[in-house]
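The block underneath contains the structure these notes are about, expressed in structure tokens.
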There are 2 protein chains.
Amino acid sequence: MVYKTKITVKPLSLILSTAMSKISYSIKKKEGALIKDPVMLVKSYPKMHVTVDCAIFGFDDNELKVLLIRSDLEIYKDLWSLLGDNIADDEDIDAAAYRILKDRTGMQDVYLEQVKVFSKPDRHPGGRVITIAYCTLLNTRHHELMIHDNEIHWHSFSSIDEMAFDHKEILLASYQWLQKRIQEHPLGFNLLPEKFSLRELQTLYEAILGVTLDRRNFRKKFASMKLLIDTNEFEGDVPHRPGKLYKFNFEKYEKQKNRWTGIDF
Amino acid sequence: MVYKTKITVKPLSLILSTAMSKISYSIKKKEGALIKDPVMLVKSYPKMHVTVDCAIFGFDDNELKVLLIRSDLEIYKDLWSLLGDNIADDEDIDAAAYRILKDRTGMQDVYLEQVKVFSKPDRHPGGRVITIAYCTLLNTRHHELMIHDNEIHWHSFSSIDEMAFDHKEILLASYQWLQKRIQEHPLGFNLLPEKFSLRELQTLYEAILGVTLDRRNFRKKFASMKLLIDTNEFEGDVPHRPGKLYKFNFEKYEKQKNRWTGIDF
DNA sequence: TTCGTATCGTGTAAAGCATACACCTTTGTA
DNA sequence: TACAAAGGTGTATGCTTTACACGATACGAA
């Protein structure tokens, strides 16, 4: 079938730059003079609050899921939010995202990538806070949720309605990012158990891309990639003929990913 | 020829999350209690310096160019850096990027998109500063450089060696981002004059993608898109047979970009 | 004026890839 | 034992991509 991700690109838009004068380099006095003390320079810069928010996707029960917690702000009472936190003074932002994941799910070796910065001045009711959105994919079975005081839960992605802050917008951007990335790289395997049937794999792609795919062509495509290892084991617990279980050949993919050109459904 | 962008994806890597305890929400006292004052909560968060850096690409003389200024820090004497600035307290970050562009090049209606956040704690010698990288594309002929006290210059991309801060890394990330985006969307037209020959267009794609393309197939591909308007004018000032000049049909593209599936070289 | 050089402009055949499509097999359950 | 549910497989068709060459046009130099 004809299908490709449709990514909306920012138009060549007339975003009005707020009328304001230059605010930086005020420490610099003379034309052409070099600044000797970078620390003084940086101290003259304004500071702002920065957080990380993670859209944590899982796949279970043939559905795309997202891990959310209840907001602990009274004005967002009964609304859900992404998992987020501040960034420590000497912490790389990727490291902050990994830390959040580890604290909340116990998982360490996880797919994680930056999506986008969200910076509307009024996005947080407590003042100006910019946030860096991350997308992560994990197998819902392979971790233990760390239940803190906020209820942490897997939510069916399609059932999510209103959210706290601008987190609905962040979640949608992360989902579009995921739709695109899963066709560029074989990320889906991060959402599945180590051994999976081809039906599970296809259901995953169908759920994320929102399409239905022809079973024979889907199998042909993955067969031609030669990145699946046949385990010679079979599914159990299914009320029908069990399918074969496969593993993804991560090592082989790592070796040849320079030549990788994407999966095109 | 067989060619597709090769994007390096972040490996499922073992980035060690810095061992540290949770730092936020320290204002929250009781289990399950809701926070009434978001302003107090946000005030308890740490703050950091945030800047924007723009990788401004142009195309001239059959070459990809980048707009750079001399660093005004003594420790980076004689090194070049991207155009950047702080973000004002109530300024959206996209708006800050547009402002920088307008201040330095006088251009307002320009292609601009976020690339990535760079956040290594030691990336700035003056202290912890995170920066949000933007990529912009503009026609080198259509703007007036605002010469401030730093020399601002177009540099041939391929000739750039060392740069101030981590700007080389940012520039490379922006270039890879550009290589990928130019195959997903017809961005190249932002780098060309309004009217251009097919050879100029092909040279642009070849320069950005770093490949050579078959001329007949290239023309066939663009002809089949039906997004070029034949102006019935011809190049002048060329020491050979002049080619026809075309315009890009932006309106038609806007209408059908939902169905756009990319250009594949 | 002529020749050399650089680019313009064009078409086709072959290979490869994506698509559409159906039947028998295997397992579990009633 | 028969039914329900999914497993597993191949082929023909059309579309897309690729590889490839030659005459025409304009300019500049001799």
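Residue numbers start from 1 in every chain, and the chains themselves are labelled A, B, ... in the order their sequence lines are given, proteins ahead of strands.
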- Message: Using a distance-only criterion (donor-acceptor N/O pair, under 3.5 Å, no hydrogens), is the base of dA19(D) paired with the side chain of N217(B)?
- Response: yes
- Query: Is a donor-acceptor contact shorter than 3.5 angstrom present between the side chain of K220(A) and the base of dT19(C)?
  - Reply: yes
- Under 4.0 Å between a side-chain N/O of R199(A) and OP1 or OP2 of dG7(D), yes or no? yes
- Task: Indicate whether OP1 or OP2 belonging to dG9(C) is found under 4.0 Å from a side-chain N or O atom of R219(B).
- Result: yes
[atom1] of [X] versus [atom2] of [N]: gap in Å, rounded?
X       : N       : atom1 : atom2 : result
I263(B) : dT17(D) : CD1   : P     : 12 Å
Q202(A) : dG8(D)  : CD    : P     : 12 Å
F218(B) : dC8(C)  : CZ    : C1'   : 15 Å
E235(B) : dC8(C)  : CD    : P     : 6 Å
R216(A) : dA6(D)  : CZ    : C1'   : 14 Å
D214(B) : dT10(C) : CG    : C1'   : 12 Å
L198(A) : dA6(D)  : CG    : C1'   : 13 Å

- Reading 5' to 3' through nucleotides 22-30 of chain D, protein heavy-atom contacts under 4.0 Å coded B for base, S for sugar-phosphate only, - for none: -BBBBS---
- Message: Regarding T212(A) and E206(A), do their side chains bring together a donor and an acceptor under 3.5 Å, going by distance alone?
- Response: no
- Message: Would you say E251(A) and Y253(A) are linked by a side-chain donor-acceptor pair, where the criterion is simply a distance under 3.5 Å?
- Response: no
- Not counting sequence neighbours, which residues clear side chain to side chain contact (heavy atoms under 4.5 Å, CB included) with L192(A)? List them please. F59(A), F196(A), E200(A), L201(A), L204(A)
- Item | Shortest non-hydrogen contact between Q114(B) and Y134(B), atoms and distance | NE2-OH, 3.4 Å
- Partner set under salt bridge (charged side-chain N to carboxylate O under 4.0 Å, His left out) for E233(B), not counting sequence neighbours: K195(B)
- Message: Quick check on the 6.0 Å ring-centre criterion: do Y205(B) and F222(B) meet it?
- Response: yes
- Tell me whether the guanidinium CZ or amine NZ of K220(B) lies under 6.0 angstrom from the six-membered ring centre of F218(B) and within 45° of its axis. no
